[in-house]
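The structure appears below as structure tokens.
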Amino acid sequence: MFRDNSLIPTEALRLAMLGFLAEGPKRYADLAATVRRFASRMAGPSLDLLAPSLELLRFEGLVEPVDGVGVEDNPSLRLTGDGRLALTDLLTANMKPLANDLNKLVVALKLRFLHLLEREDRLVQLEMLEDLYRNERARLIDLKANEEASIIDGLLPAWLDQEIAQAEARIAWCQEIQARL
């Protein structure tokens, strides 16, 4: 993890692997393909997102085969108790501002597997996400206020208005989801 307790790229993929296994056993090859598809659709192809080996998760005792021995057997894997604890740690890690594709991937993964957390932890994660959107909105409003006079005829103010509206919609969405929990 980074110093601020947010996820590094390999931990985001670890979260994906453990999360998909928490929903039920999956064959080694199917799990690898599912994680690769999800990550590349959210963040695009990236060398930063090279998946940690499923064998490493097995070595660490976070997953175990249901059948088969090695990768060549394409075993069905399941989460262990330690794996579930590791998943909870990853799901409850801090979130960074949404300035890049990795952070968007982390948010997407947290939302994808949020149902695996206890209600209180889900609320904390949604509040954290709402705070990120509030900070994003404040940053954009500040940028617009300090730049508008010099770029009144450019397209930046209109683009900033669109980004601010998206941040406000996301804040409202977080509040709506929290009210439903």
Side-chain angles (χ1 to χ4, degrees), residues 1-133 170 173-174 177-178 180-181:
M1 288 196 191
F2 288 114
R3 285 186 180 158
D4 63 358
N5 196 34
S6 61
L7 303 181
I8 61 175
T10 55
E11 288 170 323
L13 294 177
R14 181 180 284 248
L15 167 58
M17 287 185 271
L18 296 175
F20 284 117
L21 283 176
E23 295 179 334
K26 300 210 178 357
R27 292 246 171 249
Y28 186 102
D30 295 339
L31 177 60
T34 299
V35 169
R36 189 173 29 260
R37 270 193 311 271
F38 190 92
S40 65
R41 286 180 178 147
M42 277 308 302
S46 169
L47 290 178
D48 289 337
L49 293 175
L50 293 175
S53 166
L54 289 170
E55 287 299 307
L56 179 60
L57 297 180
R58 197 168 139 187
F59 176 76
E60 293 173 337
L62 304 179
V63 303
E64 62 188 5
V66 176
D67 56 14
V69 180
V71 178
E72 62 280 353
D73 295 331
N74 192 27
S76 187
L77 300 172
R78 69 176 162 219
L79 208 56
T80 64
D82 286 345
R84 188 159 298 281
L85 292 174
L87 174 61
T88 299
D89 288 345
L90 293 168
L91 278 171
T92 58
N94 288 334
M95 289 182 262
K96 287 183 171 283
L98 302 171
N100 65 38
D101 289 338
L102 170 63
N103 297 333
K104 289 179 183 180
L105 173 62
V106 169
V107 169
L109 287 167
K110 283 181 173 243
L111 292 173
R112 170 66 177 79
F113 299 116
L114 198 66
H115 66 281
L116 299 171
L117 290 175
E118 297 294 324
R119 180 183 184 277
E120 296 78 27
D121 289 333
R122 285 183 287 190
L123 286 170
V124 168
Q125 292 303 304
L126 287 166
E127 289 168 6
M128 204 182 314
L129 185 57
E130 183 181 345
D131 287 344
L132 282 177
Y133 292 136
R170 289 178 173 136
W173 179 83
C174 286
I177 298 300
Q178 289 173 59
R180 282 195 260 161
L181 289 179

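Scope of the values below: all heavy atoms of this structure, side chains included, with no hydrogens, waters or symmetry mates. Fair warning: this is a prediction, and the values are worked out from it, not measured in the lab.
- Across every non-hydrogen atom of Thr80 and Gly61, the tightest pair is OG1-O, 2.5 Å.
- To the nearest 0.5 Å, atom CG of residue Leu13 and atom CG of residue Leu90 are 11.0 Å apart.
- Taking CE of Met17 as the start and CZ of Phe38 as the end, the distance is 13.5 Å to the nearest 0.5 Å.
- Without hydrogens or angle criteria, Gln178 side chain to Cys174 main chain gives a donor-acceptor distance under 3.5 Å.
- Atom CD of residue Glu130 and atom CG of residue Leu123 lie 11.0 Å apart, to the nearest 0.5 angstrom.
- Contact detail for Arg122 and Leu181: the closest heavy-atom pair is CB-CD1, 3.9 Å.
- The closest donor-acceptor contact from the side chain of Lys110 to the backbone of Gln125 lies at 3.5 Å or more, if one exists at all.
- Atom CG of Leu126 sits about 7.0 Å away from atom CG of Leu111, to the nearest 0.5 Å.
- Not one N or O on the side chain of Arg84 forms a donor-acceptor pair closer than 3.5 Å with the backbone of Leu79.
- Rounded to the nearest 0.5 angstrom, Leu77 CG and Arg58 CZ are separated by 7.0 Å.
- Taking all atoms of both residues into account, the shortest heavy-atom contact from Gly83 to Leu18 is O-CD1, 4.0 Å.
- Classification of Arg14 and Glu11 as a salt-bridged pair fails, no side-chain N sitting under 4.0 Å from a carboxylate O.
- Taking each heavy atom of Arg27 and Ser76 in turn, the nearest pair found is NH1-N, 3.0 Å.
- Rounding to the nearest 0.5 Å places CG of Leu87 at 10.0 Å from CG of Leu62.
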